[in-house]
Amino acid sequence: MDEALKGRDLISVLDLSGSELDALFGIADEMKKYAKSGTDLLKNRVLATLFFEPSTRTRLSFETAMIRLGGNVVGFADPSTSRMTTGETLADTIRMLDSYSNVIVMRHRIEGSARLAAEIATVPVLNAGDGSQHHPTQTLTDLYLMRSEFGHIDQLKIAILGDLKQTRSASSLCFGVSRYKGVKLYLISPEPLKMKQEVKDYLEKSGIEYIESTTLDQYLGDIDVLYVTRLQKERFADPSDYEKYRGSYIVTTEMLQRAKKGMIVMHHLPRIDEIPLEIDYTPNARYFEQAANGLPVRMALLSMIVG
Amino acid sequence: MSQVRCFVVKLPPDATPSIRRALRILGDPYSVKIDLEREGMLEFSSSSPSYALLKISLICPSAVIRERKNGMEQEVSDAFPEWVEDTFVCPSKNCITAQPKEPTKARFKVVSVNPPKIQCYYCGRYIDQGALASQLSQDSGL
Ligand SMILES: [Zn+2]
């Protein structure tokens, strides 16, 4: 087992180098064998899950990963059992869980909370999403799918569609692709929901080429990956903007017919109506595989960090 | 023991609140001694002035800072520190540093000095000239 990640925190996908990502994906390939049968690699180890913000997919995926690795899980999934009602600070909650567990996975609405947790905890902290910037394990899952699909991530042309301002999977993916060469990003969003300047500056600094646009149509023939995010009405300051934009951010079969051959459609799920059901039956749909990959990827991560 | 250096800061005429603020932040932690303060002008001395130089530059980018050496004023060529702690507040209500009971210490990466732009270590948000200026005008008591 690769020792490089042992004991490390994962707050941002940028905590991992390109070669560490490669190593992790290699182990994820191995873990696919144990995704159903299980191993005892992390026997007697305890994962603490702290979900201050509701999550089904990420939490279940982490918990299943730990159980398949032979470990145990403690924690809470219901924000009402957390400090929001008891008034306990995050710092105190972390100190308690730190003494019970070998690794902590947390999600919190407050930005920077995972960083604080990592400063306090002596065991590794894995960020399962904080605020609107970081969601490293989602990005690992996303990159792993692209690698499996195309055999490489370098040189891919990736469009990210929807609410780029507040979707942490979107900004996290931007950080993640900066570890690869020649990737080109197409950031497609309504004007009020454009990608944060902080993230765009990072892309520039990292030499990642990107285009910003409010429409996808003109790029359909170029892109290899269409990464779709939710467009939520409550995210618009002006509700009439939602009605105005919403139609342009729904994937249609007609669009897929005009797309580059082999283009895949990804989504971090759950979806609302931005990917209609009929898309599920097209050869482009990959979001269910993407979600399923979360298990071997998180098994690989846990085994490398805790093992 | 490193040498004490003297600096002369010329501030724009409307920068009186900035001077006051500068005075407040140029205290003990950075071993800065204010030698002279009057309208549009500040003189200070320090053996480790890099933080003071950075903070004055962030607060008042149009300030002209010169070093007094052997009775002559000359340009300052010190490199700015990469990080600045305390002093500023992250404007995001959704940032962990805005949670009063959590044990965090505001910490910012200096992205650019002119124009002033710093980035919160915890939430990654920029605090630009406008936000820094509004912290000054609110006189947040820091
Ligand atoms: Zn902040």
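Sequence lines set the chain letters: A, B, ... in the order given, protein chains first and strands last, and positions in each chain run from 1.
Atoms OH and CG, from Tyr122(B) and Asp130(A) in turn, are 12.0 Å apart once rounded to the nearest 0.5 Å.
Distance alone, capped at 3.5 Å, is enough to place a donor-acceptor pair between the Asn94(B) side chain and the Arg109(A) backbone. Looking only at distances, a side-chain donor or acceptor of Glu102(B) sits under 3.5 Å from a matching main-chain atom of Leu90(A).
Checked for salt-bridge contact, Lys117(B) and Asp201(A) meet the test: a charged N lies under 4.0 Å from a carboxylate O.
Both the backbone and the side chain of Glu198(A) come within less than 4.5 Å of a heavy atom of chain B. Heavy atoms closer than 4.5 Å to chain A are found in the side chain of Ser92(B), but not in its backbone. Neither the backbone nor the side chain of Ser12(A) comes within contact range of chain B; no heavy atoms are under 4.5 Å apart.
Contact between Arg95(A) and Pro103(B) at its shortest, heavy atoms only, is NH2-CG, 4.3 Å.
More than 12 heavy-atom neighbours from other residues, nucleotides or ligands sit within 6.0 angstrom of NZ on Lys109(B). With a 6.0 Å radius and a threshold of 12 heavy atoms from other residues, nucleotides or ligands, Glu82(B) has its CD atom at or below the threshold.
Contacts of Arg168(A) classified as side chain to side chain contact (heavy atoms under 4.5 Å, CB included), with partners at least two apart in sequence or in another chain: Glu53(A), Arg107(A), His135(A).
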Please assess Lys205(A) against Val111(B) for the test side chain to side chain contact (heavy atoms under 4.5 Å, CB included), listing each intermediate value before the final yes or no. CA-CA 12 Å; Lys205(A) 206 177 81 187; Val111(B) 179; over 6 Å; no

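Residues of residues 111-122 of chain A that come within less than 4.5 angstrom of chain B, heavy atom to heavy atom, are Glu111(A), Gly112(A), Ser113(A), Arg115(A), Leu116(A), Glu119(A), Ile120(A) in numerical order.
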